[in-house]
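Basis for what follows: all heavy atoms, side chains included, without hydrogens, waters or symmetry-related copies. Read the numbers this way: they start at 1 and go in the same order the structure lists the ligands and their atoms. Numbers for residues simply follow the sequence, beginning at 1.
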Amino acid sequence: MARGVTIDGVTFGYGATPVLDDVSLEVERGQFFAFLGPSGSGKTTLLRLIAGFGTPASGRILIGDRDVTRLPPWSRNVGMVFQSYALWPHMNVQRNVAFGLERRQFRREAIERKVADALALVGLSEFADRRPSQLSGGQQQRVALARTIVIEPEVLLLDEPLSNLDARLRVEMRVELRQLQRKLGITAIYVTHDQEDANAVADSIAVLDQGVIQQIGTPIELYDRPANRLVATFLGTANLIEGTIEAGGRFVADGFALASIGGAPGRACISIRPQDIMIGPADSGIACRITEREFLGGIARYHTAVGPHSILVDVPHRRGGRVHDVGDTIGLIIMPTQVSVLS
Ligand code: ADP
């Protein structure tokens, strides 16, 4: 595995306020990596430290095999795309994209060729003469991308790059971003608080909360095997149930029990996704009453009452399919393989 970016035991604070606590992670070269977490969890701070805006109190940052911890931003060979795009309003698209190359004193012909290539790559060749104010939000975002990739950085850092776009454009742009990253084979790190964005673009995700890494894995690993409550609830909907694991692996909670769950005996919290629970007749599983139904088109979501617990169950809906009513008594069938024991 070739190293892209290595964060090794990084701790950082603003004044006396700690923001990152002993953060370590490894981004492979060519990987699309996401930092995901609630607002204020330290994602942007970590990205800025990689870019060189700030120095860790302790720990190291490597790009490839180079220790860049103490290097200034311009010596790190990284490119950063900001949420606000940060385009020059008085320059046209061509000049905005050429700016970084001019500062690096490339020859005129080289600049023209590189800018033309970058604009072609983001599909903006026709717009070279426009000012940023004459472009849509999505086009401005593409200019910001072109301006960054034109300097051929080793690592592309993206700070909530799609959050100023409307929902439809955002979905389109993240597909484009992913395709562009693959085409360039560049290492990319994407900061977002939106789990759907992270799932859609990233090969691997680090979930942060309060400056501490909660879990690192592929989107599917995090979704299917969350390590703790924050990861379980941050990446989609989860039924969390407090109870006790008995010797032998049986989980017991107020109102019901599940056999063969495993895990260390003692107090425990389990997580089950709503779509991982099946519905059968009342005598076929854990008997419960439907207290609420939300018909969402592709799925029907039932709220069910099991003892003091409210458990959500999602059932895919097909035309003509059976829909249960509020007040119906049904059985919940939960396979042990669909249950995560949280730490
Ligand atoms: P995120 O990107 O996950 O939303 P940030 O990295 O921006 O989080 O912020 C992490 C914490 O650091 C927050 O509590 C924030 O208030 C604080 N913080 C961010 N920037 C500064 C700053 N320049 N000075 C002081 N505190 C800051």
Side-chain angles (χ1 to χ4, degrees), residues 4-27 31-63 68-74 76 78-86 141 144-145 148 153 155-165 167 170 173-174 177 187-217 219 222-223 226-236:
V5 176
T6 307
I7 311 287
D8 179 19
V10 164
T11 296
F12 179 84
Y14 292 106
T17 317
V19 174
L20 297 171
D21 182 13
D22 193 18
V23 170
S24 293
L25 58 89
E26 183 84 47
V27 181
Q31 203 178 29
F32 206 137
F33 201 94
F35 297 162
L36 174 68
S39 174
S41 55
K43 310 177 295 290
T44 305
T45 302
L46 185 55
L47 197 74
R48 292 174 61 88
L49 291 181
I50 298 170
F53 306 124
T55 311
S58 61
R60 295 185 314 154
I61 296 173
L62 281 77
I63 294 178
V68 300
T69 317
R70 317 241 151 234
L71 292 185
W74 53 89
R76 295 191 178 202
V78 300
M80 189 144 164
V81 177
F82 299 92
Q83 184 176 357
S84 58
Y85 315 146
Q141 184 53 271
L145 260 174
T148 306
V155 181
L156 182 61
L157 303 175
L158 303 145
D159 186 8
E160 303 257 8
L162 307 182
S163 57
N164 287 339
L165 305 176
R170 189 183 172 115
M173 278 296 291
R174 70 185 180 212
L177 198 57
T187 308
I189 303 180
Y190 187 107
V191 160
T192 181
H193 62 272
D194 185 303
Q195 52 103 1
E196 198 181 293
D197 276 359
N199 284 340
V201 298
D203 298 307
S204 199
I205 300 175
V207 180
L208 270 112
D209 188 38
Q210 298 185 14
V212 177
I213 293 194
Q214 305 294 313
Q215 194 174 359
I216 299 176
L222 297 185
Y223 188 82
N228 59 33
R229 285 161 174 268
L230 180 112
V231 178
T233 51
F234 203 74
L235 284 108

Taking both backbone and side-chain atoms of G42, is any N or O found less than 3.5 Å from an N or O belonging to ligand 1? yes

Should D159 and R48 count as an ion pair when the cut-off is N to O under 4.0 Å? no

For the atom pair CG (L230) and CG (D209), what is the distance rounded to the nearest 0.5 Å? 4.5 Å

Which atoms from ligand 1 have a heavy atom of P38 less than 4.0 Å away? 3 (O)

For atom 5 (P) of ligand 1, find the nearest protein heavy atom and state the residue, atom name and distance (0.1 Å precision). T45 OG1, 3.6 Å

How far does OH of Y190 sit from CZ of F35, to the nearest 0.5 angstrom? 13.5 Å

List the closest protein heavy-atom neighbour of atom 19 (C) of ligand 1: residue, atom name, distance to the nearest 0.1 Å. Y14 CE1, 3.3 Å

With side chains defined as the heavy atoms from C-beta onward, is the minimum distance between Q83 and V191 less than 4.5 Å? no

Within the distance-only criterion (no hydrogens, no angle test), does the side chain of S204 pair as donor or acceptor with the backbone N or O of F33 below 3.5 angstrom? no

What part of T44 sits under 4.0 Å from ligand 1 if we count only heavy atoms: the side chain, the backbone, both or neither? both

Going by distance only, is there an N or O of V191 that falls short of 3.5 Å from an N or O of ligand 1? no

Does the protein put any heavy atom within less than 4.0 Å of atom 1 (P) of ligand 1? yes

For atom 12 (O) of ligand 1, find the nearest protein heavy atom and state the residue, atom name and distance (0.1 Å precision). V19 CG2, 3.4 Å

